[in-house]
Amino acid sequence: MCGIVGYIGEKNCVPILINGLKRLEYRGYDSAGLGVLTNNHSVVIKNKGKVSLLEEKVQKTNLSGKVGIGHTRWATHGVPNEINAHPHYNTSRNLYVIHNGIIENFRTLKKGLEKLGYVFETETDSEVLPHLIDSFLKKGNPLFKAVRLALTEVEGTYGIAVVYEGEPDKIIAARKGSPLVLGLGDNENFIASDVSAILAHTKQVIYIEDGELVEVYKDKFIVKTITDNEIEKEIHEISMTLDEIDKGGFSHFMLKEIMEQPETISNSIRGRILFEKGTSRLGGLTEVVDRLVNSKRIIITACGTSWHAGLVGEYMFEQFCRIPTEVEYASEFRYRNPIINHDDTILFISQSGETADTLAALREAKLKGALVLGICNVVGSSIARETAAGVYTHAGPEIGVASTKAFTSQLVVLALITLLVARRKSMSQVDGRAIAEELMAIPDKINSILRLNDQIEKIASEFHDANNFLYLGRGYNFPVALEGALKLKEISYIHAEGYPAAEMKHGPIALIDENMPVVFIAPKDSTYDKIISNIEEVKARGGRTIAIATENDNGIDSLVDYTIKVPSTIRMLMPILTVIPLQLLAYHIAVKKGLNVDQPRNLAKSVTVE
Ligand code: G6P
């Protein structure tokens, strides 16, 4: 998704902006650009494709300057090309704007501006911004006021940064619905859509909220509301380090993140298990725990992989907390005027904490008076800040677009919440301890699965030329089937579907032939015999089969073409183990196909537009 970085200070901003854009690459983008104020003029350089291409282009120009803005664009309106890339500018080419988000009323604004004589070059919605701001500058307003007044006419979402030759001592930035952070340095300041873009320079940040604008100078800043009231802001210290967002010797972020899971899960659990009492301690929920325990219903709302984690959460909450639980896509929830009662708890799961649909669903639920809780990975993200309470997953920065370690940490947090609530209800201390013990053993068990990496790579060699894949699982492992299929399609572009195994007979079985690989998630549990029957049905139709099975299950080897064995654990935690081989399988298939694993085509890490 689009990324913003801006610099004002004493240094040459060009390398700072380029490196900042490289840090934002993981979000997914299709073009990039810079706008730099130099001594007596300004320069814009844009390019379709990677930031490295933009860098080559910039290097040929000897461009330098002390104020500048940079952008990675992920196309929404207008194809990805150089002209549609940001920054966009006014007709005099002395005012530059970068924009994340979508301007919903851009057609109306554009018509009005065209009547005033403004000529548009691009197919984007964003281009209305420089012209609109220009129209307010022409009425004699200073830049800050011109931006503020322009934004009062804008409907939709934005995170923007603006520079203007006429007032070269400042950057104006503003936010409504797209994340924006101000980084504070020594005689220099930064703007970014994501702290990773500026972390190399500062750890002191201020989160700009919706409806706020900031006037950033090299040595000071002023934050105001869109209604022109100045506001005091709190400075936050970022604890994340640069090392944490580097590849650490792995060929891809995704592989690093898969391999990190024993550690990230330990981090999610650390300090949160009260073993003697057979329960958990979640500081973020202390204030709301009574309301949560007494909820008549829990609705889990999320998108993508986080939605799959929610499905596992549903099984956990209903089995152990005995609270009716529903899971809904945030995009559906927000638009269907859901029935929400005061004794409902609505749980929002989001790695980034910035997903537009999840954030909008959260605001809708809040409005209707439910208890709104978050499970987020990015500390200080919008969803984390706007929920009444919540639990961080502590998985560390996830850079690979396909979510891996964030998913398993979400499952761990859901298990910890289950323990907390169930123990306040009917779960015994002995049962609570048994779950706690199994949770604590998960990191070691994942280590043993990761040792199967070479075996999984070999299986990937057999299947990387497949055109379709089917993933089947039951109960707790049905969401794992969905997640395994999602991982494969995201990064290998192989069509893959996840199904509850029993549903196979109601459609997918028609697809089975010798060209259709079927992955069964088949641990030894109460539905094992049923899934074995499903395996037989696939074999009878010539399908190629891979089973994710439990370590002591020798019987399954002769039934399937390939088995990947994982240690056993209790049913509720099994998805944390069974998903790991599926992450590795998808990874190796994508690598064998020579694809860009960390930045798959058309996908974005953080989907901040609808
Ligand atoms: C995008 C990402 C997915 C992610 C989904 C939800 O589609 O590519 O990996 O699962 O958004 O993101 P969130 O940050 O809310 O978990």
Side-chain angles (χ1 to χ4, degrees), residues 1-3 24-30 74 76 177-179 193-194 196 252-254 257-258 264 300-313 327-334 346-363 372-387 390-411 413-414 479-480 482-493 498 579 582-583 586-587 590 596-610:
M1 208 92 315
C2 305
L24 293 173
E25 284 191 296
Y26 78 95
R27 292 166 63 98
Y29 69 105
D30 43 52
W74 188 80
T76 57
S178 274
S193 51
D194 179 329
S196 57
H252 297 96
F253 280 112
M254 183 179 176
E257 287 158 6
I258 293 172
T264 53
I300 303 176
T301 304
C303 302
T305 289
S306 298
W307 183 79
H308 294 157
L311 290 176
V312 179
V327 189
E328 188 156 359
Y329 286 116
S331 53
E332 291 298 316
F333 178 89
R334 63 181 287 199
I346 312 200
L347 178 59
F348 296 87
I349 307 180
S350 176
Q351 186 286 128
S352 62
E354 302 293 351
T355 302
D357 281 322
T358 313
L359 189 55
L362 159 61
R363 290 175 180 161
V372 291
L373 305 180
I375 298 180
C376 294
N377 192 37
V378 177
V379 176
S381 56
S382 302
I383 293 170
R385 281 179 290 131
E386 293 191 28
T387 35
V391 186
Y392 281 120
T393 45
H394 295 317
E398 188 178 69
I399 309 294
V401 165
S403 184
T404 51
K405 64 176 183 170
F407 177 70
T408 48
S409 284
Q410 288 165 345
L411 299 185
V413 167
L414 286 162
V480 176
L482 296 178
E483 178 59 9
L486 178 64
K487 287 296 85 101
L488 189 72
K489 72 184 122 190
E490 280 178 315
I491 59 171
S492 74
Y493 317 147
V579 77
L582 304 185
Q583 296 170 344
Y587 170 78
N596 186 342
V597 172
D598 286 330
Q599 290 157 30
R601 70 181 180 205
N602 304 337
L603 292 181
K605 181 70 188 159
S606 178
V607 180
T608 49
V609 295
E610 274 187 59

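Order of listing sets the numbers, starting from 1, for every ligand and every atom in it. Heavy-atom basis, side chains included; hydrogens, waters and symmetry copies ignored.
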(request) Could you check Lys487 against Ser492 for side-chain contact (heavy atoms from CB on, under 4.5 Å), going step by step and ending with a plain yes or no? (result) CA-CA 8 Å; Lys487 287 296 85 101; Ser492 74; over 6 Å; no
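No side-chain donor-acceptor contact under 3.5 Å links Gln410 to the backbone of Thr393.
Residues Glu483 and Leu582 are not in side-chain contact: their nearest non-hydrogen atoms beyond the backbone lie 4.5 Å or more apart. Residues Ile491 and Met254 have side chains in contact (heavy-atom distance under 4.5 Å, counting atoms from C-beta outward). You'll find the side chain of Gln351 stays beyond 4.5 Å of the side chain of Thr305, heavy atoms only.
Numbered from 1 in the order shown, with element, the atoms of ligand 1 that lie under 4.0 Å from a heavy atom of Ser350 read 13 (P), 14 (O), 15 (O), 16 (O). Here is the list of ligand 1 atoms found below 4.0 Å of a heavy atom in Ser352: 13 (P), 14 (O), 15 (O). For ligand 1, the atoms lying closer than 4.0 Å to a non-hydrogen atom of Val607 are 1 (C), 7 (O). When each atom of ligand 1 is checked for a heavy atom of Gln351 under 4.0 Å away, the hits are 13 (P), 14 (O), 15 (O), 16 (O). Annotation for ligand 1: atoms under 4.0 Å from non-hydrogen atoms of Ser403 are 9 (O).
Residue contacts with ligand 1: Val401 is included, with a non-hydrogen atom under 4.0 Å away.
For ligand 1, none of its N or O atoms has an N or O atom of Thr358 under 3.5 Å away.
The structure places CD1 of Ile349 at 6.5 Å from OG of Ser306, a figure rounded to the nearest 0.5 Å.
The aromatic rings of Phe333 and Phe348 lie perpendicular to each other, with more than 60° between the two planes, well past the 30° mark.
Here the heavy atom of the protein found nearest to atom 10 (O) of ligand 1 is Thr305 N, 2.9 Å. Looking only at protein heavy atoms, the nearest one to atom 5 (C) of ligand 1 is Cys303 O, 4.1 Å. In terms of protein heavy-atom proximity, atom 16 (O) of ligand 1 is nearest to Ser306 OG, 2.5 Å.
For atom 2 (C) of ligand 1, the choice among Ala402, Gly304, Ala604, Ala302 with the nearest heavy atom turns out to be Ala604. Checking Ile349, Thr355, Val378, Leu603 against atom 15 (O) of ligand 1, the nearest heavy atom belongs to Thr355.
Ionic pairing of Glu398 and Lys405 is not present here: no N-O contact between side-chain nitrogen and carboxylate oxygen is shorter than 4.0 angstrom.
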